[in-house]
Amino acid sequence: MQFEDKLGYLADPRQLTEALDLKNASTDALVAFYRDMVLIRRTEETIAELYTAKETKTPVHLGIGQEAVAVGVSAHLNSGDRVYSGHRGHSHYLALHAPLTAILAEVMGRATGASRGMGGSMHLFAPESGFHGSVPIVGATIPIAVGAGLACKMDGKGQVAVCYFGDGACEEGVLHESLNFARVMDLPVLFVCENNLYSSHLDIHLRQPSNSVARFAEAHRIESRVIDGNDVVAVSEAAADLIEGARNGGGPGFVEAVTFRWLGHVGPNADIDVGVRRSPEELKQWKERDPVRRLTDALKEARGVDQSRFAEIDAEIETEIADALEAARGSDFPAGNVLIDYVYAGGRS
Amino acid sequence: MTRLAYGDAIREGFEYAMRRDPKCFAIGQGLWSPWYVGNSMKDLDKKFGKERVIDTPVSELATTGAAVGAALNGYHPIVVHPRMDFMILAADQIVNQAAKWRHMLGGRVSPTVTIRGIVNRGGEQGAQHSQALHSWYAHVPGLRVLMPATAADARDMLIAAAQSPDPVMYIDDRWCYDLAEEVAPAADVDIRSIKPVIRREGSDLTIAAASYSVALSLAAAELLEKDGVACEVIDVRALNPFDPALIRESVERTGRFLAVDGGWSTCGFAAELVASVAEGVSPAKLKGAPARITLPDAPAPTSAPLEKAYYPTAELIAERVRQMGR
């Protein structure tokens with residue numbers, strides 16, 4: 001197979017390691033991005049620790065290194081918009097400021113969890129915050145988000161649906177059915193592909209003839225943006241344009257955010273022995289494109305934000321996570337009756 | 001009371017549900033070309049507009065998923081699959097998504113979607129244009145599975161499905177479309193009220209069946225009456241959740257049981273019916289071993305003589321009952 005390296009520098013970890021170009025984004029907004037990204041990273045690190053300490057066994061798919069995508073997109077969402085995700089969904093949940101205690105409690109199977117302890121890490125639900133569900137069947141929430149978009153269009157209130165998925169989901173037929181469906185019906189849906197260049201274990205070189213998945217949007221005549229997914233400013237700009245278009249009746253949009261996960265497909269380890277390329281060297285290079293450090297450097301250099309401001313935020317986050325963890329640990333497991341009572345509305349009958 | 005045929009009754013069910021509830025809409029392939037689905041949706045697009053009766057691309061999975069998504073966002077869609085065979089392409093959305101979201105997300109959400117699968121067989125259509133896969137879906141917790149056998153049920157079960165707080169698989173059979181009866185005016189229906197009913201009383205043997213198999217069983221009971229055998233025929237109606245109480249009570253009276261089902265034998269719904277009797281009726285009350293009539297465990301053929309041999313008939317049921325003794 002002749003492989004097309006269409007992404008070029010976007011997929012080359014030796015590039016784009018410098019401080020971000022902040023453009024005309026406000027300092028307050030950028031500092032808020034920093035806060036959200038660090039909260040996501042530290043929460044996922046905490047979940048990794050819970051897993052390692054055997055406080056939970058539910059499969060955890062961590063997205064450390066990919067925080068900028070969810071934060072950049074969520075900046076343009078309002079209450080009433082509907083977000084769907086897949087197995088690697090913690091960042092999408094947290095970027096909407098959905099309750100921190102509830103995600104930790106859910107991962108630990110507690111009744112106070114986001115899904116009342118019935119879903120675990122892979123099935124999160126916080127509709128009050130705009131997070132309408134995540135599932136690990138690859139691509140399964142893509143048509144569901146399209147249906148949410150259909151509901152938004154029928155409601156006529158200018159709301160949008162967002163679906164996050166990975167490059168692996170682009171190999172599922174349902175993505176193509178869904179893109180076509182959304183285009184034909186002009187539905188307000190933002191498709192966000194976090195292209196981290198790996199499926200669970202295989203390099204995109206072994207799975208597709210090109211490393212850029214935006215070609216699928218083009219095939220369905222959907223406007224797309226291919227961006228550095230570790231640049232929160234770039235993500236935010238792309239999402240702003242496409243979401244505004246969708247709100248105004250322009251139909252669907254597609255973001256391909258090129259990124260990299262620092263940990264393995266599932267669990268708290270780095271998995272540097274899977275795939276053909278993922279190696280300690282490649283991982284080390286990608287960590288140089290750290291979305292948090294690049295934003296921090298830029299805020300210090302271009303906006304004069306002092307290190308003490310970052311330290312203050314970091315400390316707040318540590319307290320927040322510690323409090324949430326204590327609350328989650330202190331909550332009960334679901335009562336036995338819900339095993340049957342949640343099957344049908346009003347219990348089994 | 002007006003006289004209504006099963007196919008027209010389905011259309012009346014759509015009309016009632018959509019008039020009653022502005023959030024109810026129909027979506028699927030062929031909805032603007034109703035030859036796809038017999039007379040059961042004729043002119044609905046003209047009455048309700050193409051925004052509420054949506055014809056779709058050839059994408060069973062995305063269409064079903066979109067309906068599930070709309071349902072999760074406050075709507076009550078009815079997805080139409082003109083043949084169950086093609087509905088298999090949507091299995092992920094039905095089994096992994098619609099059936100699971102309530103339980104998996106802690107009971108706070110429910111995909112209030114109706115999935116209408118049509119059994120459309122005969123006419124030498126063969127292996128991929130003939131299947132009745134209700135047993136698969138009856139196996140899945142979280143789905144409600146309804147199979148109407150009469151015109152009144154064809155309408156009322158569709159209304160119940162559209163108004164249900166749970167996802168519903170509504171399965172109708174083209175072989176039933178001309179069955180007609182007097183029906184009362186349409187009204188709201190609570191899906192939980194749909195339980196097995198006795199369609200014909202009898203004291204010698206109990207037959208349980210659903211959908212077209214009820215019509216076959218009633219025809220067999222007519223034949224047997226001439227031989228002096230009184231069959232009780234129970235219409236199962238709701239396959240999931242399945243309530244075996246009425247069947248057990250009946251078999252305790254008659255002592256004999258025959259399940260008739262239009263699906264295959266192995267792990268099919270007839271097996272569930274037989275198991276419900278085996279588990280729930282004292283052996284002392286049984287006068288013989290429970291039995292079942294199903295399709296042969298083979299795909300549907302196209303060749304006319306093979307097709308004739310493939311589908312159970314009233315005569316076949318009557319013959320089996322005679323063998324079971326009295």
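Quick note on labels: first sequence line is chain A, next is B, and so on, each numbered from 1. What's counted below: heavy atoms across the whole structure, side chains too, no hydrogens, waters or symmetry copies.
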ring-ring contact (aromatic ring centres under 6.0 Å, His included) pairs touching residues 70-111 of chain B, sequence neighbours excluded, are B/F86-B/H129
Under 4.5 Å to a heavy atom of chain B? For A/A145 that would be neither
Under 4.5 Å to a heavy atom of chain A? For B/V113 that would be neither
Cut-off 4.5 Å, heavy atoms of chain A, and the answer for B/K100 is neither
Side-chain (B/Y137) to main-chain (B/V95) donor-acceptor, under 3.5 angstrom: no
The interface call for B/T63 against chain A, heavy-atom contacts under 4.5 Å, is both
The interface call for A/A111 against chain B, heavy-atom contacts under 4.5 Å, is neither
Looking only at A/S115, A/A182, A/A148, the option with the highest number of non-hydrogen pairs under 4.5 Å against chain B is A/S115
Per-residue tally against chain B (heavy atom, under 4.5 Å) across A/H132, A/E106, A/M154 peaks at A/M154
Note: B/M169 and B/I94 closest approach over all heavy atoms is CE-CG2, 3.8 Å
### Query
In terms of side-chain heavy atoms, does A/S129 have a donor or acceptor partner in A/H97 at a distance below 3.5 Å?
no
Residue from A/A140, A/A161, A/S178 scoring the most non-hydrogen pairs under 4.5 Å with chain B is A/A140
Kindly check if the number of other-residue, nucleotide or ligand heavy atoms within 6.0 Å of CZ (A/R247) is above 12? yes
Turns out that what part of B/I191 lies under 4.5 Å from chain A's heavy atoms comes down to neither
_Crowding at NE2, A/H176 (>12 non-hydrogen neighbours, <6.0 Å)_ = yes
The interface call for A/V338 against chain B, heavy-atom contacts under 4.5 Å, is backbone
Looking only at A/I137, A/V146, A/L150, the option with the highest number of non-hydrogen pairs under 4.5 Å against chain B is A/I137
Give the C-alpha distance, both sets of side-chain angles, the deciding distance and a yes or no for salt bridge (Lys or Arg N to Asp or Glu O under 4.0 Å) between B/R83 and B/E60. CA-CA 11 Å; B/R83 284 179 199 280; B/E60 287 80 3; over 6 Å; no
The interface call for A/I142 against chain B, heavy-atom contacts under 4.5 Å, is neither
Evaluate salt bridge (Lys or Arg N to Asp or Glu O under 4.0 Å) for B/D166 paired with B/R192, printing each intermediate quantity in order.
CA-CA 10 Å; B/D166 298 308; B/R192 287 166 297 192; over 6 Å; no
Most contact-rich option vs chain A, by heavy-atom pairs under 4.5 angstrom, among B/N96, B/L72, B/L89, B/V68, is B/N96
One option among B/D243, B/V58, B/D92 has the most heavy-atom pairs under 4.5 Å with chain A, and it is B/D92
(Q) Has B/S110 got a side-chain atom pairing as donor or acceptor with B/R102's backbone, closer than 3.5 angstrom? (A) no
